[in-house]
Amino acid sequence: MKLPFLAPITALAAGTALFTIASPAAADGLTDAATPSLEDVLAHERRDDDRVRDQYRRPAETLAFFQVEPTMTVAEYGPGGGWYTRVLAPYLMPAGQYVAFNANSDARQYRTRAQEARSKAWTETFKTGLAEGMGIEADDVVAFETDEMPEDVVGTVDRVLIFRSMHGLNIGNNADEVLGAARMILADDGMVGVVQHRAPEGASYDDYGARQRGYMRKADVVAIFAANGFELVAESEINANAGDPANWERGVWTLPPVLATGEDDPRRSEYLAIGESDRMTLLFKKAD
């Protein structure tokens with residue numbers, strides 16, 4: 001299901017950026033049989049540049065709410081720049097399984113040939129980058145696009161995690177494709193965890209569904225999941241930010257980490273003080 005919008009907008013799905021983990025993980029024991037604690041993973045030096053965002057993204061609390069355990073098989077949709085991958089892969093790969101997946105790159109529209117080439121190279125680029133960072137073989141990394149789903153992944157995944165990507169899936173008309181794939185790879189008792197920029201209370205669909213602000217209304221997210229055979233089972237305010245009015249003319253990208261209005265914007269200090277966006281945190285299961 002794609003909620004209707006007034007003007008067609010071409011959106012490139014997340015996950016096309018080059019991904020690397022700048023750490024020789026094999027040397028620090030993350031590829032042996034020992035299961036690292038999440039606390040140790042979060043404190044590792046590979047995350048020195050990432051840790052500043054923990055106050056907004058709350059990875060420990062978020063993964064606890066999603067009931068993620070280190071022995072699980074967990075699939076991350078559209079890893080993008082890899083912020084959560086640098087948490088999930090080292091935490092899961094010693095005793096569980098980390099899986100990355102993305103939408104079908106052949107079904108997208110591209111502005112340039114270079115953009116198309118980067119997108120279509122995503123699977124191999126991701127596998128190579130993660131393998132180098134973890135000190136493992138690229139063949140040991142599971143990453144695929146929805147049209148090339150490995151048969152042995154179907155029905156095996158405990159959690160699918162979608163971080164800050166539902167607006168792109170909706171506006172780009174990829175939600176049915178990705179949630180359909182999620183339903184296929186999930187085990188019967190598997191669940192989908194979602195973190196998404198949240199529209200203000202009482203926001204109209206015309207302003208927050210038809211326009212690409214990056215924010216979405218909770219009701220719209222729940223409706224998209226319901227149309228694809230899921231039901232909401234829990235929600236949390238873990239990633240809420242009451243300081244974000246969520247009404248920026250340039251959308252969520254006005255705030256960190258993008259700060260789209262540039263260094264000369266006289267309100268830049270205000271954006272920095274607010275921090276990252278107000279976000280809803282939702283957990284879904286397959287509907288009966």
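As the structure is a prediction and not an experimental result, all values here were calculated from the model. Both backbone and side-chain heavy atoms feed into the values below; hydrogens, waters and symmetry mates do not.
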In this structure, which one of Thr73, Leu92, Leu88, Val74 forms a side chain to side chain contact (heavy atoms under 4.5 Å, CB included) with Val99? Thr73
Minimum heavy-atom distance Lys127-Ala143, with the two atoms named: CE-O, 3.4 Å
Side chain proximity check, Asn228 to Arg183, heavy atoms < 4.5 angstrom: no
I'd like to check His44 versus Pro90 (side-chain heavy atoms, cut-off strictly below 4.5 Å). Are they in contact? no
Side chain to side chain donor-acceptor pair (under 3.5 Å) against Thr123, all qualifying residues, sequence neighbours excluded: none
How about Thr128 and Thr125: do any of their side-chain heavy atoms sit closer than 4.5 Å? no
Drop me the distance from Glu39's CD to Leu42's CG, to the nearest 0.5 angstrom. 8.0 Å
In sequence, state the C-alpha distance, the side-chain angles, and the governing distance for Val195 and Met280, and then conclude on side chain to side chain contact (heavy atoms under 4.5 Å, CB included). CA-CA 6 Å; Val195 178; Met280 57 186 127; over 6 Å; no
His197 side chain near Asp278 side chain, heavy-atom distance below 4.5 Å: no
Give a yes or no on whether the backbone of Met72 and the side-chain of Arg159 come within a donor-acceptor separation of less than 3.5 Å. no
Heavy-atom side-chain proximity of Trp248 to Trp253 below 4.5 angstrom: no
Is there a ring pair (Phe, Tyr, Trp, His ring centres under 6.0 Å) between Phe284 and Phe230 once you walk through the steps? CA-CA 6 Å; Phe284 295 88; Phe230 293 94; 7.1 Å; no
For Gln115 and Tyr110 the tightest heavy-atom approach is OE1-CA, 3.3 Å
With a 4.5 Å heavy-atom cut-off, do Thr281 and Val194 have their side chains touching? no
Using the rule given for salt bridge (charged side-chain N to carboxylate O under 4.0 Å, His left out), can you reason through Glu270 versus Arg267, listing the C-alpha separation, both sets of side-chain angles and the distance that settles it, and then say yes or no? CA-CA 5 Å; Glu270 176 188 347; Arg267 300 182 66 184; 2.9 Å; yes
So, Ser277 and Asp244: side-chain donor and acceptor under 3.5 Å apart, yes or no? no
Are Tyr56 and Tyr271 linked, directly or through other ILVMFWY residues, by side chains that come within less than 4.5 angstrom of each other? no
Salt bridge check, Arg217 against Glu201: does any charged N sit closer than 4.0 Å to a carboxylate O? no
Restricting to non-hydrogen atoms, name the atom on Leu38 and the atom on Tyr91 that form the minimum distance, rounded to 0.1 Å. N-CE1, 3.6 Å
Looking only at atom types and distance, does a side-chain atom of Arg250 sit under 3.5 Å from a main-chain N or O of Ala260, one as donor and one as acceptor? yes
Quick one: side chain to side chain donor-acceptor pair (under 3.5 Å) partners of Lys218, sequence neighbours excluded? Glu235
Short question: side chain of Arg86, backbone of Arg46 - any donor-acceptor pair under 3.5 Å? no
Quick one: sort the Phe163 and Tyr84 rings into parallel, tilted or perpendicular, breaks at 30° and 60°. parallel
When you measure from the side chain of Thr254 to the backbone N and O of Gly251, does any donor-acceptor pair fall under 3.5 Å? yes
Arg213 with Asp207: basic N within carboxylate O range, under 4.0 Å: yes
Should Trp83 and Arg53 count as side-chain neighbours, where that means a heavy-atom distance under 4.5 Å? yes
Would you check, one step at a time, whether the test salt bridge (charged side-chain N to carboxylate O under 4.0 Å, His left out) holds for Asp189 with Lys285? CA-CA 7 Å; Asp189 60 350; Lys285 71 173 184 177; over 6 Å; no
Go through the steps for Glu76 and Thr85 under the test side chain to side chain contact (heavy atoms under 4.5 Å, CB included), then give the verdict. CA-CA 8 Å; Glu76 181 184 13; Thr85 309; 2.7 Å; yes
As an exercise, state the distance from CG of Asp220 to NE2 of His167, rounded to the nearest 0.5 Å. 14.0 Å
Name of the residue among Tyr77, Phe126, Trp122 meeting ring-ring contact (aromatic ring centres under 6.0 Å, His included) with Phe101: Tyr77
If I compare all heavy atoms of Pro79 with all of Tyr98, which pair ends up nearest, and what's the gap? CG-OH, 3.7 Å
I'd like to know if the side chain of Asn174 reaches the main chain of Asn170, judged simply by a donor and an acceptor atom lying under 3.5 Å from each other, with no hydrogens or angles considered. no
What is the distance from atom CD of Glu237 to atom CD of Glu61, rounded to the nearest 0.5 Å? 14.0 Å
Trace of the side chain to side chain donor-acceptor pair (under 3.5 Å) decision for Thr146 with Asn104: CA-CA 6 Å; Thr146 53; Asn104 177 9; 5.6 Å; no
Can you find a side-chain donor-acceptor pair between Ser119 and Arg108 that sits under 3.5 Å? yes
Decide, yes or no, whether a salt bridge links Asp54 with Arg57 under the criterion of side-chain N to carboxylate O below 4.0 Å. no
Looking at every heavy atom in both Arg47 and Val87, which two are closest together, and how far apart are they? NE-CG2, 3.4 Å
Measuring only between side-chain heavy atoms, which start at C-beta, is Pro245 closer than 4.5 Å to Pro200? no
Tell me if a side-chain donor or acceptor on Asn241 pairs with a main-chain N or O of Ile274 at a distance below 3.5 Å. yes
Side chain to side chain contact (heavy atoms under 4.5 Å, CB included) assessment of Leu186 paired with Val192: CA-CA 9 Å; Leu186 278 173; Val192 182; 3.7 Å; yes
Using 0.5 Å steps for rounding, measure from the CG atom of Leu169 to the CD1 atom of Ile162. 6.5 Å
Ignoring hydrogens and geometry, is there a side-chain-to-backbone donor-acceptor pair from Glu145 to Ser105 under 3.5 Å? yes
Roughly how far, to the nearest 0.5 Å, is CE of Met166 from CG of Leu179? 5.0 Å
Heavy-atom donor-acceptor pair, Gln55 side chain to Val52 backbone, under 3.5 Å: yes
Distance from Glu69 atom CD to Leu63 atom CG, nearest 0.5 Å? 10.5 Å
Taking the side chain from Glu148 and the backbone from Phe144, do they hold a donor-acceptor pair closer than 3.5 Å? no
Ignoring hydrogens, what is the shortest heavy-atom contact between Val153 and Thr156? Give both atom names and the distance. O-OG1, 2.7 Å
Checking side chain to side chain contact (heavy atoms under 4.5 Å, CB included) for the pair Gln196/Arg279: CA distance, chi angles, key distance, verdict? CA-CA 5 Å; Gln196 174 58 39; Arg279 293 161 185 169; over 6 Å; no
Please determine whether the number of non-hydrogen atoms from other residues, nucleotides or ligands lying under 6.0 Å from atom CG of Asp147 exceeds 12. yes
